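First comes the structure, then the notes that go with it.
Just so we're on the same page: letters track the sequence lines, and every chain starts at 1. Every heavy atom of this structure was used, including side-chain atoms; hydrogens, water molecules and symmetry mates were not. Quantities reported herein were computed from a predicted structural model and do not represent experimental measurements.
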Amino acid sequence: MIQQIEKRDGRCVFFDVTKIANAIYKAAEASGGHDYQMSMRLALDVADYVDANCPTSTPTVEYVQDAVEKILVESGHARTAKAYILYRNERSRQREMNTRLMKIYEDLTFQSAIENDIKRENANIDGDTAMGTMLKYGSEGAKQFNEMFLLEPHIAKAHREGDIHIHDFDFYTLTTTCTQIDLLKLFDGGFSTGHGFLREPNDIMSYSALACIAIQSNQNDQHGGQSVPNFDYSMAPGVRKTYWHKYRDNLAKALEVFGLEEEGLEAAKALVEACPGKPVLGDDNGASEYIRSRLLERTDEKTADSILAFTLKYARRETERATYQAMEALVHNLNTMHSRAGAQIPFSSLNYGTDTSPEARLVMKSLLLATEAGLGNGETSIFPIHIFKVKEGVNYNPEDPNYDLFRLAMRVSAKRLFPNFSFLDAPFNAQYYKPGRPETEAAYMGCRTRVIGNVYDPTREIVNGRGNLSFTSINLPRIALKAEGDMEAFFAELDSKIELVIEQLKARFRIQSQKRVRNYPFLMGQGVWIDSDKLSPDDKVGEVLKHGSLTVGFIGLAECLKALVGKHHGESEQAQRIGLTIITRMRERMNRESRETGMNFTVIATPAEGLSGRFVRLDRERYGVIPGVTDRDYYTNSFHVPVYYPISAFKKIQIEAPYHELTNGGHISYIELDGDPTQNLDAFEAVVRYMKECGIGYGSINHPVDRDPICGYTGIIGDVCPRCGRREGEAVSIEKLRQLGVYKNHNSDTIGYHGDPNEERDRRPNPLR
Amino acid sequence: MNQLNHITYNENGEAMVGEGVGFERIRRITGYLVGTLDRFNNAKRAEERDRVKHDVYHSVAGNADAHDDIRHSA
Ligand SMILES: [Zn+2]
């Protein structure tokens, strides 16, 4: 008689025949059986069989399970056998996942980021730090848990096998993607971060500092990026307040200098407060005239004028200086401050360009100049992403009030890669635009997300307080490969994948809806998300979340078209027509879902960090190496013309523009410029203007930005640094650096991000035509 | 640990800096800037240097009409 049984981990436990009986009974139940006695009889048969046949005295679990299957089949319990096998396979898959998870944990523990892909998967988490590794443990564990226990099996399978990709899957049960933060609303009356209350800011320095804190705090409540949709409008009041202070303080100084007061501050305060209107940068508002009349009660005209001239001169000068310092500090903070247990820099985006007030113009000019100057040692700042909003009548043409800033933005972008440019005149953005209401200006988050239309509440088609809830991408090349050139089969499969994604987005939304305000102390607790200020801490957030978007994305339209018709949309007009048909079909399905549910279902041109490599790897395993489809290490980003394909900038823009209109959840087009665009700003401007004329919504120009950290040269560096003459890795004499005037104490604290180097490697510059 | 400040001496006894320090090559990868210092190997850098270049600016200058068309057109 069997005494013991050997478990999978090698431990031996007492053999218990009722356990076998229970397992058989469970399987029988699954197929409608209820006879426990029968289960026990079968279990005893199994025990007898093992006793008689097992080559060792201690059988393994596997051996016993094989025996159960054999006995069930041979005794005519086919359906129970089938259920038992299914159960066994499922258990074994779960065990494998646990083993896989432990293997992942082992690698995370003992490998550095250079060796370990997972540690580099999220570009801006430093996987080598303690907190970074702890985050990865959590992230990997959450993914396994979500796959095993939350996803419907058919959705889990589609995600696992690469038909679709559920983005930010580790956060599946936790939160939403991103928000466009209305800073002015947040600042009004002050706010709380959970670590203390911050008073309403009172000058530009605190406006900028609080902007960073808001971005940082909100980043802790979400997994995506944080965007300020109208940074210019948000900072302008800070400049106004600074100017008042500077005006008052310099008036006080002048009163002392010109001998009218021993202590000038109280007198200056009284004078300024009695003014009919407050003086601002662009408009004195009658303050000087009033103060002059009051001064003349005590002194002569010449002195009064001198006092006022002094006041105005230094109020302006100090305001300008303070604003520049505030913007410099902001850029510095956004590149160094951390959120999420200190392991990640927030993804920050700032949109600006349209506020024509002198205060906002000063903010933008300062921010751009600080960005152009670079960080401490002249390094290019990685954050924030700047988005300059281009608008006719505001900044697009030479006669427009902010045209000078548009020019400056291009100059800075030619040196530092930011700003990107968004186009408010593109018809799909212009439809929301209402003059004098900055919240109706389309904005972009991070690398492309866009949320402005609002099916849930058409009276509030605005950017403030809204964002994406979640998005899931479809592997387009896979569908094309499966269809083998059969268009009908392709579209049928595409439709079924869209349905699958909609089902999954809704399931995720149901989980998100169950969360309560207190789960998001900043996002909801401080009223950052639209209408969350009307909720109390224990209220569920489902209803207000409906202002957000649920989004389907796609990868590899180019490879999809290659697989379907042998050419991609950069190569053939026929392919372009099919490409547009595919994305139109996705959009129309999402529009229909929006109409039927009253929620914002949209289409995004997926950014694809990390993901495009995964899809192609899986497809290559399945379909082999297919030229133009699976023969590179990545699938092309969304609707882009492949980076390796030689095409002029203008042609590329023409081809990609129509997709911007279709992808209402977000989009971007890139142009690769060769050489140093700071040497030819006209070419840079020509590209940006052409984007605008073609109906691009959001665009950006890539060019090499190299830097020698030793001499600080920034520009294009070939083999040899044009400034100090050293080669990569070579030393240069300190004397030479001194002669160049560039020797100083350097520090090497630069930050970097991993993306997909394979994709980057293949990029080719686009000639302009 | 600050390699940028690490001073070495050459055969003439001159103080040198920069030994082992590479160039930083900032690129945009899926929307975010990437500081490539220490990230890419030499082969990738070499490959990047080998990229086909197009005469971008000449083509603008040589096509002044198209260029003017899109400039300042409202
Ligand atoms: Zn140098």
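By the 4.5 Å heavy-atom criterion applied to side chains, A:D706 and B:R27 are counted as neighbours. Taking 4.5 Å as the limit, every side-chain heavy atom of A:S733 sits out of range of all side-chain heavy atoms of B:N10. Using a 4.5 Å cut-off on side-chain heavy atoms (C-beta onward), A:T380 and B:E24 make no contact. No side-chain heavy atom of B:L33 sits under 4.5 Å from any side-chain heavy atom of A:F383. Side-chain atoms of A:D708 and B:F23, non-hydrogen and from C-beta on, do get closer than 4.5 Å to each other. For the pair A:I382/B:I26, a side-chain contact is recorded, criterion being any heavy-atom separation below 4.5 Å from C-beta on.
Proximity to chain B is limited to the backbone of A:S381, based on heavy atoms less than 4.5 angstrom apart. There is no contact between A:C724 and chain B, counting heavy-atom distances below 4.5 Å. For A:I668, no part sits under 4.5 Å from any heavy atom of chain B, backbone or side chain.
Annotation for A:I710 and B:G18: closest pair CD1-CA, 3.5 Å, computed over non-hydrogen atoms.
Note: A:E735 CD to B:E14 CD = 8.0 Å, rounded to the nearest 0.5 Å.
Using a 4.0 Å cut-off between charged side-chain N and carboxylate O, A:E728 and B:R25 make a salt bridge.
Partners of A:D425 according to the side chain to side chain donor-acceptor pair (under 3.5 Å) rule, which considers only residues two or more places apart in sequence or in another chain, are A:K391.
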